[in-house]
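These notes are about the structure you will find just below.
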Amino acid sequence: MLSIAWGSILARLSDSPPLTVAFLRLLLAAMLIAPWGLRAVAWRSLPSLRRLPIAAGAGVLLALHFVAWVPSLARTTIAASTLMVSTQPIFSILISTVALRERPAPRTWLAVALAFSGVLLIAAADLGSGPDHLSGDLLALLGAVFAAAYFVCGRALRGWAPFPTYLLVINLAAALCAGGVACAAGAPLLPASRADLGWLILMALVPHLLGHGALNWAVRRLRAYVVNLAVLGEPVLASLLALLIFHESPPPGLLPGALLVGAGVALAVAWEGRGE
C-alpha cells in the first residue's frame, strides 16, 4: 500500500503521454525482474505450457488496467482516480463468483450496492466539474475492472511457476499489449527526456515491483478480493501526497462518496472473512 500510493504521483510527474507511461512502466518492470525470473527457470523445471495462455491473458488484463487508469490521471483529480480504481475488491468478488466459483455470502451483495452508491455519488459530483472529470472517473473505474480480473487470474495461476518467473511472463505480455495500444494511438514508445526516464524507472521499481509484486505474492495465499482490500489505503495516501506535491485538493463531493465506497468494501471483506 505504501508503495502503490506513489504510482499516481510519479505518473503525474512524468512529461510523457499517458499511454507511453503505461507501456514503459511495464517494459521497465519486466527488464528489472528479468535476471531473477530467468534464473528461477534455470534452477527449476519449466512451467506448464498449457497454462501459458492464461498467464498471457493475465498480462493483457494488466496492460488494459494501466492503459485505462494512467490516462484517467490527466482528466480528473488524483483523489478521485485512485478512489475509483480502489473499487477492485468489489469487482474481484463479482468476477471470482463466476470464474473461480468462490461464492460470496448473501449479505455481501448489500455491501456491493453500498460501494457502488458511493461510486455514483462521486461521478455525480464530478459531472458538475465538466465532462473530462467524468470521463476520468469512468476510465479509472474501468481500470479497476481489469485489475480485479487480473488478480483473479493470478489466483488461478498460483503454483504455476516460480514467483519471479511469473512476474516476468506477466509483465512481458503486458508490455507487448500496452506497446501495441500506444502504437495504434500514435503515442511514442520512448520517454520525453532523460529526466523523465528517471521517474519511469522509479515507477517500475517502487509502485510496480514492490507494490504490485507484494499483492501478486499475497494473492497466491489469500482470496483475490481480500488482497485487493489493501488498495483502499491508496486513495488516502495518494491524496495526501497530491496535496503536498501538487497542491491539489480533493473535489468537494469526494468525501461522502469515499465513505460509502470504503464502508462497502470493508463490510464485504469482513463478512466474507467470517464466512457469513
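Numbers for residues simply follow the sequence, beginning at 1. Scope of the values below: all heavy atoms of this structure, side chains included, with no hydrogens, waters or symmetry mates.
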Worksheet, complete the sentence: When rounded to the nearest 0.5 Å, the distance separating CE of M1 from CD1 of I4 is 8.0 Å

Worksheet item: Closest heavy-atom contact between V85 and Q88?
Response: O-CG, 3.0 Å

Worksheet item: What pairs of residues pass the side-chain hydrogen bond (donor to acceptor under 3.5 Å, both in side chains) test when at least one of them lies in residues 176-204, not counting sequence neighbours?
Response: S14-D196, S16-D196

Worksheet item: Can you tell me how far the CG atom of L114 sits from the CG atom of L259, to the nearest 0.5 Å?
Response: 10.0 Å

Practice prompt. Measure the spacing between CG of L200 and CG of L27 and express it to the nearest 0.5 Å.
Written response: 10.5 Å

Worksheet, complete the sentence: Separation between CE (M203) and CZ (F66), nearest 0.5 Å, reads 9.5 Å

Discussion item. Is there a side-chain contact (heavy atoms from CB on, under 4.5 Å) between Y166 and N171? Walk through the geometry before answering.
Written reply: CA-CA 9 Å; Y166 169 78; N171 281 287; over 6 Å; no

Item to complete: Report yes if the distance between the aromatic ring centroids of F151 and H65 is under 6.0 Å, otherwise no.
Response: no

Only distances under 3.5 Å count here; give the side-chain donor-acceptor pairs of residues 178-191 to other protein atoms, sequence neighbours excluded, each with its distance to 0.1 Å.
none

Discussion item. Do L243 and E248 make a side-chain contact, defined as non-hydrogen atoms from C-beta onward lying under 4.5 Å apart?
Written reply: no

Item to complete: Would you check, one step at a time, whether the test side-chain contact (heavy atoms from CB on, under 4.5 Å) holds for I245 with I9?
Response: CA-CA 8 Å; I245 297 172; I9 303 299; 3.6 Å; yes

Worksheet item: If you take all heavy atoms of L237 and A5, which pair is closest and at what distance?
Response: CB-CB, 3.6 Å

Worksheet, complete the sentence: Closest heavy-atom pair, G213 versus L167, reported as atoms and distance to 0.1 Å, is CA-CD1, 4.5 Å

Discussion item. Tell me whether L209 shares a hydrophobic cluster with L38, the cluster being built from Ile, Leu, Val, Met, Phe, Trp, Tyr side chains joined at under 4.5 Å.
Written reply: yes

Discussion item. Go through it in stages, so that I can follow the logic: the residues are L202 and W6, the test is side-chain contact (heavy atoms from CB on, under 4.5 Å), and I'd like the CA-CA distance, side-chain angles, deciding distance and then a yes or no.
Written reply: CA-CA 9 Å; L202 278 176; W6 283 96; over 6 Å; no

Discussion item. Using every non-hydrogen atom in the two residues, find where H208 and A29 come nearest and quote the distance to one decimal.
Written reply: CD2-CB, 3.3 Å

Item to complete: Check side-chain hydrogen bond (donor to acceptor under 3.5 Å, both in side chains) between S8 and all other residues, then give those that pass, not counting sequence neighbours.
Response: none

Worksheet item: Can L52 and V169 be said to form a side-chain contact (heavy atoms from CB on, under 4.5 Å), step by step?
Response: CA-CA 9 Å; L52 189 60; V169 171; 4.1 Å; yes

Worksheet item: Any donor-acceptor pair under 3.5 Å linking the side chain of R75 with the backbone of L134?
Response: no

Worksheet item: Is a side-chain donor or acceptor of S81 paired with a backbone partner of T77 at a separation under 3.5 angstrom?
Response: no

Worksheet item: Closest heavy-atom contact between M84 and T87?
Response: O-OG1, 2.6 Å

Item to complete: Treating Ile, Leu, Val, Met, Phe, Trp and Tyr as nodes and any side-chain heavy-atom pair under 4.5 angstrom as an edge, say whether L62 and W217 lie in one connected cluster.
Response: yes

Fill in: hydrophobic_cluster_shared for V60 and I54, side chain cutoff 4.5 Å
yes

Fill in: Gap separating the SG atom of C153 from the CG atom of L61, nearest 0.5 angstrom
5.0 Å

Item to complete: For T20, enumerate each residue passing the side-chain hydrogen bond (donor to acceptor under 3.5 Å, both in side chains) test, keeping only those at least two apart in sequence or located in another chain.
Response: none

Discussion item. If the condition is side chain to side chain contact (heavy atoms under 4.5 Å, CB included), which residues does I201 pass it with, not counting sequence neighbours?
Written reply: L28, L197

Worksheet item: Linking I/L/V/M/F/W/Y whenever their side-chain heavy atoms sit closer than 4.5 Å, directly or via other members, would W69 and F246 fall into one cluster?
Response: yes

Discussion item. As an exercise, state the distance from CG of L26 to CD1 of I170, rounded to the nearest 0.5 Å.
Written reply: 11.0 Å

Worksheet item: Under a 4.5 Å cut-off applied to non-hydrogen side-chain atoms, are V70 and L19 in contact?
Response: no

Worksheet item: With no hydrogens and no angle check, is any side-chain donor or acceptor of T165 less than 3.5 Å from a backbone partner on G37?
Response: yes

Would you mind writing out the side-chain donor-acceptor pairs for residues 138-150 within the sub-3.5 Å range, not counting sequence neighbours?
residue	atom	partner	partner atom	Å
Y150	OH	N216	OD1	2.9
Y150	OH	N216	ND2	3.0

Response to the item:
What one should report as the nearest heavy-atom pair of L260 and S117 is CD1-OG, 3.8 Å

